Amino acid sequence: MIDYKLHIPGPVNVSEGAYNALTTPVMGHRSTDFVDLYQKCQPLLQELFMTEDPVFLSTSSAWGVMEGAVRNLSEKKVLCCMCGAFSDKWLDVAKRCGKEADPYSVEWGSHIDPVELDQKLATGEYDLVTLVHNETSCGMMNPLEEIMQVLAKYPDVISVIDTVSSFSVVPIPKDKWGIDVILTGSQKALALPPGLALFSVSQRAFDRAKTIDGRGYYFDFIEFLKNHEKGMTPSTPVIPLIHGLLYTLEKIFEEGIGQRHDRHGKLNQIVHQWVGKNGFELLPEKQFASKSLTCVKNNLNMDVANFVKTLRVEKKLSIDGGYGKIKGQTFRISNMGNESPESIEYLLKQMDEILPRFI
Ligand SMILES: *Cc1c(COP(=O)(O)O)cnc(C)c1O
């Protein structure tokens, strides 16, 4: 029984309204009813993605599209910018897809440096760059605008930007910044259940994909484009989540995108204040701290696993006890999705109540 509320950095808490939308009766995915649903989502998605390119719906987790992008877009060599668990993994994934790939790696918590990236790209070895905008594992948000300014100097290098945990949290103007492929997932700031990935592809990236063998079928970007033109997806999609998506998009536009960004920023500040007040530190460089979650360094040496468990069992609130190699050395609190000052203050108050037992 799930009797606790999620404050982990994905999946996040799903609203009752979104859950209700999932129970809309299923229709055929080649029916006019489906096309209607798809077409209703599209302009809202394009506005949210800040793009005139199509926005595709993939029935997969975000990794499906992350892998797909590599398979669709590189024939020379991939440069993987690595600054945490997800971005580190991408190198491994590219190699498993049979691609040549090099790491550009910084310490977890540090940001990808545009100047160093420029030097790597100047070698002319690469035709694709993978970058995680917001490294969820260490709560670090890369300076994407500056990074995209560097990429703009290299028209033959396609950019794939994972915005899984920053999408709809901060503005990411895809077209303005020249992002070729931007991707996200349903279970992070969009606050839907997992199972749907959303992505948008530039004309330049389609042109590249057309020249690449071995794109496969399920994640073939050209296949997505062909079906998109009919208001459909290549194969049967997770229709309940698309109903949930339309509901969520309408809610987002009701609140206003700017207000949504501001709200996330404010909630994140409230968590940061709690961190400072209790003598903890942030794991990432402060200037590059994420706005969607807080990765707290366990500098007070508490038993993180036990703290997290106690909070869940006694207070019915679930935070995260650290990811991968920094499990136990950090803990993470999400402020993504539908949180409010009240819900975040409540979480922090409950944490305050048990904290003295652990430090
Ligand atoms: C959660 C997350 C992923 C993985 O998403 P899945 O939906 O599990 O495939 C990838 N990148 C980042 C930055 C994430 O936060």
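When a ligand or atom number is given, it counts from 1 through the structure's own listing order. It should be emphasised that the depicted structure is a prediction, and the values quoted were computed from it without experimental measurement.
Sorted by first and then second residue, the pairs that involve residues 59-68 and meet side chain to side chain donor-acceptor pair (under 3.5 Å), not counting sequence neighbours, are S58-S60.
When the ring-ring contact (aromatic ring centres under 6.0 Å, His included) test is applied to W177, no partner is found at least two apart in sequence or on another chain. Applying the ring-ring contact (aromatic ring centres under 6.0 Å, His included) rule to Y218 yields no partners; only residues at least two apart in sequence or on another chain are considered.
Scanning both residues, V308 and G321, for their nearest heavy atoms gives CG2-CA, 3.8 Å. Listed here is the closest heavy atom pair of R204 and Y154: NH1-O, 4.1 Å.
More than 12 non-hydrogen atoms from other residues, nucleotides or ligands lie less than 6.0 angstrom from CZ of R357.
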Give every pair formed by an N or O atom of ligand 1 and a protein N or O atom closer than 3.5 Å, one pair per line with both atom names and the distance to 0.1 Å, or write none.
unit_1, atom_1, unit_2, atom_2, d
ligand 1, 7 (O), A62, N, 3.0
ligand 1, 7 (O), Q187, NE2, 2.8
ligand 1, 9 (O), S61, OG, 2.5
ligand 1, 9 (O), A62, N, 3.1
ligand 1, 9 (O), W63, N, 2.9
ligand 1, 11 (N), D162, OD2, 2.6
ligand 1, 15 (O), T136, OG1, 2.4
ligand 1, 15 (O), K188, NZ, 2.6

